[in-house]
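Input: a single structure, listed below in C-alpha cells.
In this chain, numbering begins with 1 at the start of the sequence shown.
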Amino acid sequence: MQWRSIVVGLVVLRLSLSCVLWLAFGLGPNVSWGFNFPLGFNLHKLDLLFREEKVTEQKSNSWSQRIPGHSHEKTASTCSRVGEESPKRSYLSFFDGNKDEYVRRYSSFPDTLKAKMKDMAKEMFYFGYDNYMKYAFPEDELNPIDCEGRGPDVLNPSNININDVLGNYSLTLIDTLDTLLVIGNVTEFQRAVKLVIDTVSFDKDSTVQVFEANIRILGSLISAHILLTDPKHPFGNVVFEGYDDELLHLAHDLAVRLLPAFENTSTGIPYPRVNLKSGVPPDSINETCTAGAGSLLVEFGILSRLIGDSTFEWVARRAVRALWNLRSNETGLLGNVINIQTGQWVGKQSGLGAGMDSFYEYLLKSYILFGEKEDYRMFQAAYESIQNHLRRGRESCNEGEGDPPLYVNVNMFSGEIMNTWIDSLQAFFPGLQVLNGDVDNAICLHAFYYAIWKRFGALPERYNWQLQAPDVLFYPLRPELVESTYLLYQATKNPFYLHVGMDILQSLEKHAKVRCGYATLHHVVDKSKEDRMESFFLSETCKYLYLLFDEDNPLHKSDNKYIFTTEGHVVPIDKRFREKQWNDLFPCENGALVERQMNNQPPPRNISNCNKIPEERRYTLPLKSVYMRQIDHMVGLF
C-alpha cells in the first residue's frame with residue numbers, strides 16, 4: 001500500500017505544479033474555442049521571467065509595444081526580483097527542443113522531387129487554363145465548380161467585388177498570355193494572341209477599376225507584345241507571320257479609355273473607376289486607395305516609352321508625386337484612402353497590405369526599369385519610414401532576443417498601432433525586400449507567413465497576430481506568398497524555399513481543386529469553397545510555382561534581366577525603357593523635386609542581390625531552428 005501512496009502523491013504533486021505554471025505563465029494546457037487558438041498565451045511572460053533588467057527608455061522587442069493598455073513594466077520588475085538568485089535564461093531556450101527536425105525536413109531537396117513538382121505545377125496551370133478555354137471563354141472568368149463562365153454583374157452595378165475586375169474583355173485569357181510562354185507552350189501562346197486580336201474590344205459599356213484594368217489587362221498586353229518582338233528571343237522565335245503590333249495598339253486603346261480618370265481632379269490623383277465608353281461615371285466617389293492611384297507608373301511608363309507619347313507616364317507620375325507630397329511630416333508615412341479633390345486622408349492607416357502594397361513596390365520597380373533617381377529616392381525614404389514605424393520585434397532576424405520581426409498597421413501621423421491584424425497581401429513584401437537587398441528581413445517575414453500557411457493550408461485574408469486567429473477567413477488563391485518564396489529562392493538557392501513551394505502546391509491540390517479548376521476557399525479552417533477562380537491564379541500563382549522548380553527556364557538562363565509587374569507579367573530590363581523622347585516631365589513643378597529629409601545616398605547600380613547571403617549560410621536553414629520553432633509556436637502550430 002505504501003508504494004501506491006507514493007505514486008498518488010507524485011501524481012498530485014505533478015498536477016499541482018502544472019496548475020501553478022498554467023496560472024503563472026500560461027505554460028499549461030491551452031484554452032481554446034473551436035480553432036485551437038490559445039487565449040492569452042504570451043511569450044513575454046517567459047521573456048520577463050528570465051531577461052535582465054533594462055533601461056525603461058530602451059525600445060521593446062515586443063509586437064504589443066504602443067498598444068493602449070498593454071504594459072509589461074510592473075510585471076517585469078516583479079519577475080526580475082523573483083529571478084535574481086537564479087541563473088539568467090533566454091526564453092528562446094524553451095524552443096531549443098527538437099530543433100534538428102527543421103534541419104532534417106528542409107535542408108535538402110532532390111532533383112527528382114524538383115522535377116516532379118515542376119510537372120505538378122504545369123499540370124495545375126493546364127487544368128485551370130484548359131477548363132477556362134473549354135467552359136468560360138470568351139467570358140472573363142471561370143466558375144470552376146459549376147463549369148461556367150462569369151462576366152460583369154450587369155444586374156447589380158454596385159457589386160464592385162465583381163465589376164471592378166470583370167470588364168467583358170476575356171480577362172483570364174489576356175492575363176495568362178505570358179504564362180503560356182513561361183510554361184514553354186509557344187504554339188498555344190500564338191493561338192491565344194490571335195484570339196485576343198480577333199475577339200477582344202474595349203469599346204464596352206463596362207465600368208471597371210482603373211488599377212485592375214491596368215495591372216491585369218494593360219500590363220499583360222504590353223508584356224506579350226514585348227516578348228513577341230524581343231530581338232533577344234528568350235523563349236525562342238515566338239513571333240508569327242502577320243503580327244503588326246496589334247497587342248500594342250490594344251494596350252494604347254485601353255490606356256486612352258482610362259485617361260478620363262485623371263481629369264477634373266484637384267490633386268491629379270485619379271478617380272478609382274471609369275466606364276470604358278463614357279469615362280468617369282457621374283456618381284463616382286471622390287475617394288481612392290493609395291495603391292490604386294499610385295501603382296500605374298510601370299505599365300503607363302512602358303507604354304509611353306514604347307509609343308513615344310509622354311501623356312501616360314506624365315499622368316501616372318503626377319499621381320505618385322501628389323500622394324508622396326501628402327505624406328505625414330512627422331512620420332513620413334502615407335495613409336490608405338485619400339480624397340482626390342481635397343487631398344485629405346480619409347483612411348489614416350499605414351501598412352503594407354491592401355490599399356498600400358503596390359505603391360511601395362512600384363517606386364522601386366519603376367527605378368529598376370526607367371532609371372529615374374527620383375523613384376529610388378522616394379522608395380528609400382518610404383522604406384526608412386516603414387522600418388522606423390511599422391516594424392516590430394527584435395532588431396535582427398537571425399540573432400538576439402524578443403519576438404520575430406513583423407510589420408504592423410499604424411496611424412500614419414502618430415505611428416501608434418491601429419489594430420492587431422495583418423493581411424495576406426502583405427506577403428508580397430519579402431519579395432520586395434529581396435529586390436532592395438534586405439534579404440535578412442525578408443527571410444524572417446516570409447517565415448511568419450509560411451507558418452500561417454502551415455497552420456491552415458492557406459493564407460486567411462486577414463490574420464490577427466494577437467489572437468492567433470483569422471479575422472477574415474477566405475483565401476482567393478492569392479500569389480503573394482509564392483512570389484516571395486520564388487524570389488527568396490532565386491536570391492539564396494536555399495532548398496528550404498523549394499519545400500515551401502511544395503507545401504503550397506500540395507495544399508492547393510488538396511483543398512482548392514474542384515471539377516473544372518481551382519476554387520476560392522471561403523473558409524480556411526473548414527475549407528468550404530466559393531465558385532470563383534480569379535485570373536491571377538493562372539497569371540501569377542501557377543507561374544511563380546512553375547518558375548520556382550524550373551531551374552532551366554529561359555528567364556533564368558537568358559543574358560537579359562527581367563522583372564515582374566505587380567500582376568506577375570514579365571518585362572525585360574531594357575535600355576530602351578531608360579530613354580525618353582521628351583524632356584523632364586516635372587521641371588521643378590511646385591518644388592516637387594526638393595525632397596524633405598531625404599537620404600542623398602546614390603541609388604545602387606546593380607539591383608541583383610544573389611550574393612547578399614553569406615556562402616556559409618546558403619546550404620543551412622535560412623532562419624535558425626530556434627527562431628523557426630518560435631514562429632511556429634506563435635501562430636499556434638504547437
Side-chain angles (χ1 to χ4, degrees), residues 90 92-121 393-394 396-400 403-405 427 430-431 433-434 437-457 459 481-510 544-553 556 608-638:
S90 162
L92 288 171
S93 65
F94 284 88
F95 304 108
D96 277 339
N98 299 321
K99 60 184 178 182
D100 287 343
E101 70 185 72
Y102 292 90
V103 175
R104 287 194 299 270
R105 179 177 178 184
Y106 295 118
S107 60
S108 65
F109 202 92
D111 288 341
T112 53
L113 186 56
K114 190 186 302 183
K116 180 180 178 181
M117 292 300 105
K118 173 186 167 183
D119 290 342
M120 190 173 174
R394 61 179 175 268
S396 174
C397 170
N398 244 330
E399 300 291 341
D403 294 342
Q433 291 179 307
V434 169
D438 193 359
V439 180
D440 250 13
N441 270 312
I443 286 170
C444 249
L445 184 58
H446 174 274
F448 188 80
Y449 272 96
Y450 174 48
I452 299 172
W453 183 284
K454 286 191 292 184
R455 175 76 189 273
F456 300 106
L459 278 187
L481 179 60
V482 189
E483 174 187 7
S484 290
T485 302
Y486 165 69
L487 291 171
L488 273 164
Y489 180 68
Q490 288 301 308
T492 66
K493 295 300 180 183
N494 195 300
F496 170 80
Y497 297 105
L498 298 175
H499 284 277
V500 175
M502 182 172 67
D503 283 354
I504 294 173
L505 193 54
Q506 291 174 338
S507 293
L508 291 171
E509 280 291 315
K510 180 179 180 180
Y544 288 126
L545 282 170
Y546 182 80
L547 284 171
L548 176 64
F549 298 108
D550 186 15
E551 297 278 5
D552 297 323
N553 194 274
H556 302 147
S608 173
N609 295 300
C610 294
N611 296 315
K612 293 290 184 181
I613 295 296
E615 187 69 26
E616 64 271 13
R617 277 183 52 199
R618 288 197 180 188
Y619 304 103
T620 59
L621 291 175
L623 189 62
K624 291 176 182 177
S625 294
V626 63
Y627 295 124
M628 282 194 177
R629 189 169 177 83
Q630 177 199 25
I631 290 173
D632 284 353
H633 188 79
M634 296 185 84
V635 301
L637 275 169
F638 64 88

What closest approach, in Å, do [X] and [Y] show between heavy atoms, and which atom pair accounts for it?
X: Glu399; Y: Tyr627; answer: C-OH, 3.0 Å
X: Ser507; Y: Gly457; answer: CB-O, 3.5 Å
X: Val103; Y: Ser107; answer: O-OG, 2.6 Å
X: Arg394; Y: Gly400; answer: CD-O, 3.9 Å
X: Ala451; Y: Leu637; answer: O-CD1, 3.7 Å
X: Cys444; Y: Pro405; answer: SG-CD, 3.6 Å

To the nearest 0.5 Å, tell me how far [X] [atom1] sits from [Y] [atom2].
X: Met117; Y: Leu548; atom1: CE; atom2: CG; result: 11.0 Å
X: Ile452; Y: Met634; atom1: CD1; atom2: CE; result: 11.5 Å
X: Leu481; Y: Ile504; atom1: CG; atom2: CD1; result: 4.0 Å
X: Asp119; Y: Phe549; atom1: CG; atom2: CZ; result: 11.0 Å
X: Asp403; Y: Ile631; atom1: CG; atom2: CD1; result: 10.0 Å

Tyr449: partners by ring-ring contact (aromatic ring centres under 6.0 Å, His included), with sequence neighbours left out: none
Contacts of type ring-ring contact (aromatic ring centres under 6.0 Å, His included), residue Tyr106, not counting sequence neighbours: Phe496, His499
Name all residues meeting the side chain to side chain contact (heavy atoms under 4.5 Å, CB included) criterion together with Ala442; count only those two or more places apart in sequence or in a different chain, and write none if there are none. Pro430, Gln433, Val434, Leu488
Non-neighbouring partners of Glu551 that pass salt bridge (charged side-chain N to carboxylate O under 4.0 Å, His left out), sequence neighbours left out: Lys114, Lys493
Please name the residue in the list Asp550, Asp552, Asn553 that meets the side chain to side chain donor-acceptor pair (under 3.5 Å) test with Lys118. Asp550
Stepwise side-chain contact (heavy atoms from CB on, under 4.5 Å) check, Met120 with Met502: CA-CA 10 Å; Met120 190 173 174; Met502 182 172 67; over 6 Å; no
Side chains of Asn494 and Ile443 in contact at under 4.5 Å (non-hydrogen atoms): no
Any side-chain heavy-atom pair of Met628 and Pro622 under 4.5 Å: yes
If we ignore hydrogens and angles and just use 3.5 Å, is the side chain of Thr485 paired with the main-chain N or O of Gly501 as donor and acceptor? no
Can you name the side-chain hydrogen bond (donor to acceptor under 3.5 Å, both in side chains) partners of Asp503, sequence neighbours left out? Arg105, Tyr450
By side-chain hydrogen bond (donor to acceptor under 3.5 Å, both in side chains) - contacts of Asp632 (at least two apart): Tyr102, Lys454
